[in-house]
Amino acid sequence: MLQEKYIGIEISKTSNIIRRCFGRNTFKKRMEKATGKNGWIIGYLAQNQEKEIFQRDIETEFSMRRSTVSNMIKLMEQKGYIARESVPGDARLKRLVLTEKSMDTYAHMMEEIHHSEEQMRKGISEEELSVFFHVMEMIQRNLQEGGDTT
């Protein structure tokens, strides 16, 4: 009897392998003091530099609680990854900006992401990639539409 493959298990195994690959490379050494979620925030701020980004934008983008984001921002500020700047017209609002340190970190993150993408795509045709991404979108949509299955 053939053993059935399960989508969730295959995605989980692949995710673990990707995490291990990121964990053993030079990128991890560069990001030593920044957690994965800090990397997400750095990436989000870097990709949205033309906009004013505030704490509430991070809360919304990553579906995180205000207290969690507040603590993360404080730590990132202490580590020198971000700064808070007052907004003209409302001294209470503080926009989040990247520091030179975080821009350097972001550049290294993007190098590593591109390298990893090249590694993962090796030997896979454009047509196969298109099917893969289409199937992943369908799985995500199914899970979002499905709601609670219990």
Side-chain angles (χ1 to χ4, degrees), residues 1-77 79-85 95-150:
M1 180 167 105
L2 290 176
Q3 182 178 4
E4 185 176 346
K5 286 194 171 205
Y6 294 95
I7 294 170
I9 291 172
E10 295 305 315
I11 290 172
S12 181
K13 286 177 6 184
T14 304
S15 177
N16 289 338
I17 293 167
I18 291 168
R19 218 178 346 273
R20 278 195 300 271
C21 287
F22 270 97
R24 68 173 170 246
N25 61 26
T26 56
F27 171 72
K28 183 172 173 142
K29 292 177 183 102
R30 289 184 189 128
M31 286 290 290
E32 176 176 308
K33 294 188 175 138
T35 66
K37 289 181 183 176
N38 291 165
W40 295 352
I41 291 172
I42 290 170
Y44 179 73
L45 291 171
Q47 293 168 6
N48 291 283
Q49 289 184 67
E50 73 286 351
K51 301 176 189 170
E52 288 190 335
I53 304 293
F54 302 95
Q55 178 176 324
R56 70 176 177 269
D57 298 315
I58 302 296
E59 295 164 10
T60 302
E61 179 67 20
F62 299 107
S63 299
M64 295 168 66
R65 292 187 180 142
R66 184 181 342 168
S67 60
T68 302
V69 175
S70 181
N71 288 333
M72 286 176 65
I73 289 171
K74 283 178 192 169
L75 285 172
M76 289 178 74
E77 196 171 17
K79 293 175 183 179
Y81 286 110
I82 61 172
R84 294 185 224 211
E85 293 181 352
R95 71 185 186 116
L96 304 175
V97 294
L98 295 175
T99 62
E100 191 172 319
K101 177 181 180 177
S102 61
M103 289 305 294
D104 183 53
T105 299
Y106 178 69
H108 291 298
M109 277 176 19
M110 292 313 296
E111 280 178 34
E112 193 55 44
I113 287 169
H114 290 298
H115 173 73
S116 297
E117 279 292 312
E118 285 177 18
Q119 184 72 23
M120 288 186 279
R121 291 171 183 241
K122 197 173 1 177
I124 302 172
S125 72
E126 288 299 317
E127 183 180 343
E128 290 167 324
L129 281 171
S130 179
V131 169
F132 169 77
F133 288 120
H134 178 72
V135 170
M136 291 304 293
E137 288 170 9
M138 291 172 63
I139 290 169
Q140 292 164 9
R141 189 173 46 249
N142 288 345
L143 292 172
Q144 288 169 341
E145 290 172 358
D148 186 13
T149 59
T150 58

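If you're wondering where the values come from, they're calculated on a predicted model, not measured in any experiment. Index from 1, following the sequence.
The shortest distance between side-chain heavy atoms of Asn48 and Glu50 falls below 4.5 Å.
Taking NZ of Lys13 as the start and NZ of Lys5 as the end, the distance is 6.0 Å to the nearest 0.5 Å. For the atom pair CG (Asn38) and CD1 (Ile73), the distance works out to 10.0 Å, reported to the nearest 0.5 Å. From His108, atom NE2 reaches atom CD of Glu112 across 11.0 Å, with rounding to the nearest 0.5 Å. For the atom pair CZ (Arg141) and CE (Met136), the distance works out to 12.5 Å, reported to the nearest 0.5 Å. Here OG1 of Thr60 is found 12.5 Å from CZ of Phe54. Values are rounded to the nearest 0.5 Å. Atom CE of Met110 is separated from atom NE2 of His115 by 14.5 Å, given to the nearest 0.5 angstrom.
Aromatic ring orientation, Trp40 versus Phe62: parallel (interplanar angle below 30°, classes split at 30° and 60°).
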Verdict with supporting geometry, Thr14 and Met120, side-chain contact (heavy atoms from CB on, under 4.5 Å):
CA-CA 10 Å; Thr14 304; Met120 288 186 279; 5.8 Å; no
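Every residue two or more places apart in sequence or in another chain that forms a salt bridge (charged side-chain N to carboxylate O under 4.0 Å, His left out) with Glu85 is listed here: Arg95.
Ser102 places no side-chain N or O within donor-acceptor distance of the main-chain N or O of Ile82, the cut-off being under 3.5 Å. A distance-only check finds no donor-acceptor pair linking the side chain of Gln47 to the backbone of Tyr44 [under 3.5 Å]. Judged purely by atom type and a 3.5 angstrom limit, Ser130 has no side-chain atom pairing as donor or acceptor with the backbone of Glu126. Remark: side-chain polar atoms of Asn71 are paired, donor with acceptor, to backbone N or O of Ser67 under 3.5 angstrom. One N or O on the side chain of Thr105 and one on the backbone of Lys101 form a donor-acceptor pair closer than 3.5 Å.
Results of the side chain to side chain donor-acceptor pair (under 3.5 Å) test with Arg121 over Glu117, Gln119, Glu118 single out Glu117 as the only residue that passes.
Nearest heavy atoms, Leu96 versus Gln55: CD1-N, 4.0 Å. Closest of all the heavy-atom pairs between Met72 and Ile41 is CE-CD1, 3.4 Å.
Sorted by first and then second residue, the salt bridge (Lys or Arg N to Asp or Glu O under 4.0 Å) pairs with a member in residues 56-77 read Glu77-Arg84; sequence neighbours excluded.
More than 12 heavy atoms of other residues, nucleotides or ligands shown are found within 6.0 angstrom of CD on Glu10. Heavy-atom neighbours of Ile7 CD1 from other residues, nucleotides or ligands within 6.0 Å: at or below the threshold of 12.
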